[in-house]
Amino acid sequence: MKILFAAYDPQPERWTDLIAAQLPDAEIIVWQAGLPPTGADYALVWQPSEALFEQERSLRAVFNLGAGIDGLLRLPNLPRDIPVVRLEDAGMSVQMAEYVAYHVVGASRDMDLYRQQQAEQRWKIHRPIKRSEWPVGVLGLGHIGKRVARTLAALDYPVHGWARSEHALDGVQSHAGQAGLDTFLSATRVLINTLPLTDDTRDLIDYRLLSRLQPNAVVINVGRGEHLVDDDLIRALAEGQVTRAVLDVFRQEPLPADHPFWRTPGITITPHISARTLRDATVEQICTKIGALEAGAPVSGVVDVQRGY
Ligand code: GLV
């Protein structure tokens, strides 16, 4: 069995050694542009080039080294007749949950203010948090969205969730589809985006949507940069409808040095680190699935390429 590893990593052996340990009989090849066709059976990819699918014609499955497959769906020649499998959790949802919780707690507990007071050697106590004033709304209730919603519900924040279809989740009020979007937005002060990027969700977070949130809104984007209309966020911040935005993902990454987000008051920027792909958990998950496919068994996490996630 031949396995192709096609993801940018200056030290691909950090991956290939782990794969070899799990699948000792496999031949593991690191993809390079210009390489002759390898005849690989399986490919592990992250934002591969179109050339990969041009030349690799005997693939039996493609494994995406991340949760979001938008980087793959951009390729016109992504094979449609073999399973495309995305990463399922693999240690990502807990990281997302802690990243989001950190920012929700920080905002609702006035941590910036206390930090500022410390710098001024000032001892001043502000009124305690009223959780009813910090309702959160999670866009997207996949593995990641669910974990985020549950974590915040466990901290007693009022939590709403929105997805294409209704989801039953303890402590989370679920809203579905276009019909449910209005009630979701009007119930939400802290908007958290965990949606997959599809034609339906691109540019979803625009000025109109931001205007429908509760006053003094906070936006946390851990989905994709293309979900958010950059200028609309800047306008909503300038007008005070949104008071703070935490952005981990951007239309262009790295975020260009001249992008206005760097200088917009109220924006916190992190470089796409809210949930890192963890090598051990990822390789173990994928190798287990390769074993299942080899044995003719079904695997979970197969993407509906038409639907986009
Ligand atoms: C990262 O952004 C991922 O999709 O896993």
Side-chain angles (χ1 to χ4, degrees), residues 5-9 12 14-15 18-19 43-49 52 61-75 78 83-103 138-149 151 163-164 191-205 219-228 230 245-255 261 268-289 299-305 307-309:
F5 175 79
Y8 175 74
D9 187 324
R14 297 190 295 190
W15 291 88
L18 289 173
I19 301 168
L44 276 58
V45 305
W46 180 248
Q47 301 187 336
S49 77
L52 186 143
V62 177
F63 291 92
N64 189 48
L65 291 164
I69 56 144
D70 43 294
L72 274 178
L73 294 176
R74 274 189 203 113
L75 304 179
L78 176 68
V84 175
V85 187
R86 70 189 187 86
L87 213 54
E88 293 181 284
D89 198 328
M92 269 198 270
S93 67
V94 66
Q95 298 176 64
M96 246 351 159
E98 72 193 355
Y99 178 96
V100 170
Y102 172 89
H103 290 288
V138 182
L139 285 170
L141 293 172
H143 282 284
I144 288 170
K146 273 191 190 129
R147 182 72 182 249
V148 168
T151 301
R164 247 155 84 126
L191 182 74
I192 300 155
N193 176 39
T194 73
L195 285 166
L197 182 66
T198 67
D199 288 343
D200 289 336
T201 64
R202 191 181 313 277
D203 300 326
L204 179 74
I205 307 173
V219 174
I220 301 178
N221 190 14
V222 290
R224 285 289 185 260
E226 290 92 334
H227 285 125
L228 175 69
D230 295 0
V246 177
L247 308 176
D248 186 51
V249 287
F250 304 91
R251 284 176 185 261
Q252 193 183 334
E253 296 180 5
L255 184 64
F261 280 168
T268 299
I269 289 170
T270 52
H272 204 141
I273 49 77
S274 55
R276 312 291 307 278
T277 298
L278 303 177
R279 275 193 298 275
D280 290 296
T282 299
V283 167
E284 193 184 327
Q285 182 177 107
I286 293 174
C287 291
T288 304
K289 288 184 182 182
V299 296
S300 59
V302 176
V303 168
D304 179 339
V305 172
R307 191 179 64 165
Y309 61 98

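Atom set for the values below is all heavy atoms of this structure, side chains included, hydrogens, waters and symmetry mates excluded. Each ligand, and each atom within it, is numbered from 1 in the order the structure gives. Residue numbers count from 1 along this sequence.
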Problem set entry | Shortest non-hydrogen contact between Gly71 and Gln47, atoms and distance | CA-CG, 4.4 Å

Exercise. If we only count N/O pairs under 3.5 Å, is Gly66 in contact with ligand 1?
Worked result: no

For this session: Using a strict 4.0 Å cut-off to heavy atoms of Trp46, name the atoms of ligand 1 that fall inside it.
Result: 1 (C), 3 (C), 4 (O)

For this session: Give the residue and atom name of whichever protein heavy atom lies nearest to atom 3 (C) of ligand 1, and the separation in Å to one decimal.
Result: Ala67 N, 3.3 Å

Seminar exercise, completed: Within 4.0 Å of some non-hydrogen atom of Arg224, the atoms of ligand 1 are 1 (C), 2 (O), 3 (C), 4 (O)

Exercise. Charged N to carboxylate O below 4.0 Å: is that the case for Glu88 and Lys289?
Worked result: yes

Exercise. Any chance CG of Asp304 has more than 12 other-residue heavy atoms, nucleotides or ligands included, within less than 6.0 Å?
Worked result: yes

Exercise. Quick one: which ligand 1 atoms are inside 4.0 Å of a heavy atom on Met92?
Worked result: 5 (O)

Exercise. Salt bridge or not for Asp203 and Arg251, using N-O below 4.0 Å?
Worked result: yes

For this session: Considering heavy atoms of the protein only, find what lies nearest to atom 1 (C) of ligand 1 and give residue, atom and distance to 0.1 Å.
Result: His272 NE2, 3.6 Å

Problem set entry | Minimum heavy-atom distance Thr198-Gly308, with the two atoms named | CG2-O, 3.9 Å

